[in-house]
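Worksheet: one structure, shown below.
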Number of protein chains: 2
Amino acid sequence: MEYTVRVRMNEKLFLRDPESSDLGRRIVRHSIRLIADIGFEEMTFRKLADRIGTTEASIYRYFENKHRLLIYLVAWYWQWLEYQVLFQTNNLADTREKLERVLRLLLLKDFPESETSMDAIDIRALYSIVIQESSKAYLTHHVTQDNKEQLFKPYKDLCRRIAGIIREYQPNYPYAQSRASSLIETAHYQAFFMKYLPSLTDLGTDSNLPVGNDERLLGFLRHLLFSSLDAENF
Amino acid sequence: MEYTVRVRMNEKLFLRDPESSDLGRRIVRHSIRLIADIGFEEMTFRKLADRIGTTEASIYRYFENKHRLLIYLVAWYWQWLEYQVLFQTNNLADTREKLERVLRLLLLKDFPESETSMDAIDIRALYSIVIQESSKAYLTHHVTQDNKEQLFKPYKDLCRRIAGIIREYQPNYPYAQSRASSLIETAHYQAFFMKYLPSLTDLGTDSNLPVGNDERLLGFLRHLLFSSLDAENF
DNA sequence: TCTCAATTGATAGTATTACTATCTTTATTG
DNA sequence: CAATAAAGATAGTAATACTATCAATTGAGA
């Protein structure tokens, strides 16, 4: 069975819906690759236009500016990830197993490796953008204004869903929201540190160890999460 | 007794040592206030020059560009904070107490409220920069190059010191470095979320609670840290 | 098939940013 | 008092982040 999950985006995130046209989809697909390649600060609408074979002005018809494009991309990722969490934890009886699934999804393990068609979002590239750039979406001086426009709702929804699973596992836990948001951030920060500043972690390339690096990160996150949820008192 | 702690900075961080001249010190002091006021992206050397009463060109004699200035400021903070940790945990017999001091320092509690002279670094403003902007220091595409120039050494040193205290407390703990770096990041992220995206936390302004917000954050961090260090197995 | 409207392309233009260069003035120091 | 270094003044440049305008294309309905 073939199916596609369409992520329905908040209309504030764009001027014209990029999923509604060929050009729009190309802008999104190529911007993901371009940002993953050269970084967000180095990405310009001109470079993106050149790569796509369109013009700056045309891109501006879809996105107000490149910051909004970044918010769009990470919002898409959060919505996609929330759907994966929902789908993969659905009907699981064991709440610990649900949390395990969440941990693996946060590291982009076990996700449906669907079509590698040119028209598909490159999830791995998007994941690397999320790691390196996503916090720039809200670490701005206009975060309050952006928040009023609901631009961060997908991120909040994901946190809320994970917090819900946390509460299923441990109904008395008083920090479910903070635990969820710090889990997500820690997963991404440690992944970044492992790659670029490994001395900030203990998860580096100990190639004589029997497990891969992301298994070690998974182990660390599992330890952090369950030690806090299973603590005697909070 | 009056004393001043001089933070000795890596020479790669500047072109001319800003602590060596009046203009240099004004650049540093005012840039802290300006960035805290309007945000890092909105700060330009022109605006800074206007505020100081100097010229763009003069500022460029001290700092290669504004990214280097940011790295300088946060590096200064990490060095200052490491000194505070060193000083406040020195000669403490109880290693749990040492960690408590670290937690409080990470939230900028109990630091020496020295001179409020015009010539002093505004630590509270710098702390707000650290919360909002510090990750931009390394979330770049040239992080590897910057790292080679040792620009992040102060951050690593702080992490290593905290990791050392963690190992004093729990010698078998296998994730001391990752625990330290994630502790620092979590402290700052949760502080940011509390201020701007409070629904991502459980630490919001429940004004009917007997403790202030940062006491709640402290409680969360304490819980996270000690539940992981006191876990049965790792 | 024609027409209207929407989309895209092509081109140009502007204010600002992130610098670099040069030359003069001022301050310091031996 | 001379020499030198720091700072000021001024100018200039390439790139960025847009905005504006108009023409060409397309496609959907009458």
Side-chain angles (χ1 to χ4, degrees), chain A residues 11-31 34-35 37-73 119 133 136-137 140-142 145-146 151, chain B residues 11-31 34-35 37-73 119 133 136-137 140-142 145-146 151:
Chain A
E11 308 219 334
K12 293 276 182 56
L13 286 167
F14 47 75
L15 296 172
R16 202 204 298 300
D17 181 2
E19 290 304 319
S20 72
S21 74
D22 179 61
L23 178 61
R25 283 186 295 272
R26 273 159 57 222
I27 291 171
V28 169
R29 272 65 173 169
H30 281 89
S31 70
L34 184 57
I35 295 174
D37 276 1
I38 68 175
F40 178 66
E41 347 288 331
E42 284 71 29
M43 188 275 279
T44 67
F45 276 4
R46 169 164 298 281
K47 290 178 192 167
L48 179 56
D50 287 351
R51 191 178 273 218
I52 298 176
T54 182
T55 61
E56 252 187 304
S58 294
I59 298 178
Y60 276 107
R61 290 185 183 114
Y62 284 88
F63 294 101
E64 216 172 315
N65 53 54
K66 73 172 187 165
H67 187 251
R68 287 289 169 123
L69 171 59
L70 177 65
I71 298 183
Y72 179 92
L73 295 180
D119 203 44
E133 322 284 1
K136 296 170 191 167
T140 69
H141 228 245
H142 44 90
Q145 185 56 42
D146 291 349
L151 305 189
Chain B
E11 308 219 335
K12 293 276 183 57
L13 286 165
F14 48 75
L15 296 172
R16 204 204 296 304
D17 182 2
E19 289 304 318
S20 72
S21 73
D22 180 60
L23 178 61
R25 283 186 295 272
R26 273 159 58 223
I27 290 171
V28 170
R29 273 63 174 170
H30 281 88
S31 69
L34 184 57
I35 295 174
D37 275 2
I38 67 174
F40 177 67
E41 346 287 333
E42 284 70 29
M43 189 274 278
T44 67
F45 278 3
R46 170 165 297 281
K47 290 178 192 168
L48 179 56
D50 287 351
R51 191 178 273 217
I52 298 176
T54 182
T55 61
E56 252 186 304
S58 295
I59 297 178
Y60 276 106
R61 290 187 183 112
Y62 285 88
F63 294 100
E64 215 173 315
N65 54 53
K66 74 173 188 163
H67 188 251
R68 288 289 168 124
L69 171 59
L70 177 65
I71 297 183
Y72 179 93
L73 296 179
D119 203 45
E133 321 284 2
K136 296 169 192 169
T140 68
H141 228 244
H142 45 90
Q145 185 55 43
D146 291 348
L151 304 189

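Both backbone and side-chain heavy atoms feed into the values below; hydrogens, waters and symmetry mates do not. What you see is a predicted model, and the numbers here were worked out from it, not measured in a lab. So you know, we letter chains A, B, ... as the sequences are listed, proteins then strands, and number each from 1.
Sorted by first and then second residue, the pairs that involve residues 12-21 of chain A and meet salt bridge (Lys or Arg N to Asp or Glu O under 4.0 Å), not counting sequence neighbours, are A/Glu19-A/Arg29.
We find that CD of B/Glu42 is positioned 19 Å from P of D/dT16, with the value rounded to whole Å. D/dT16 atom P lies 13 Å from atom CG of A/Leu48, rounded to whole Å. Rounded to a whole Å, the CD atom of A/Glu56 is 9 Å from the P atom of D/dA17. At whole-Å resolution of the value, CD1 in B/Ile52 and P in D/dA9 are 14 Å apart. As a whole-Å value, the separation of B/Arg16 CZ from D/dT4 C1' is 12 Å.
At distances below 3.5 Å, at least one donor-acceptor pair connects side-chain atoms of B/His141 with backbone N or O atoms of A/Asp37. Formation of a donor-acceptor pair under 3.5 Å by the A/Ser58 side chain with backbone atoms of A/Thr54 is not found in this model.
For the segment residues 60-68 of chain B, residues with any heavy atom less than 4.0 angstrom from an atom of DNA chain C are, sorted by number, B/Tyr60, B/Arg61, B/Glu64, B/Asn65, B/Lys66.
When all heavy atoms of A/Lys66 and A/Phe40 are compared, the pair lying nearest together is NZ-O, 2.8 Å. In this structure, A/Ile59 and A/Ala49 approach most closely via the heavy-atom pair CD1-N, 3.6 Å.
The structure places OG of B/Ser31 at 6.0 Å from CG of B/Leu48, a figure rounded to the nearest 0.5 Å.
Electrostatic pairing of B/Lys136 and B/Glu41 counts as a salt bridge here, judged by a charged N lying under 4.0 Å from a carboxylate O.
A residue-by-residue look at A/Lys47 and A/Ala57 shows that A/Lys47 has its nearest nucleotide of DNA chain D further toward the 5' end.
Side chain to side chain, B/Ser21 and B/Tyr62 meet the donor-acceptor criterion of an N or O pair below 3.5 Å.
The span of DNA chain C lying next to chain B, judged by atoms under 4.0 Å from heavy atoms, is bounded 5' to 3' by C/dT17 to C/dT22.
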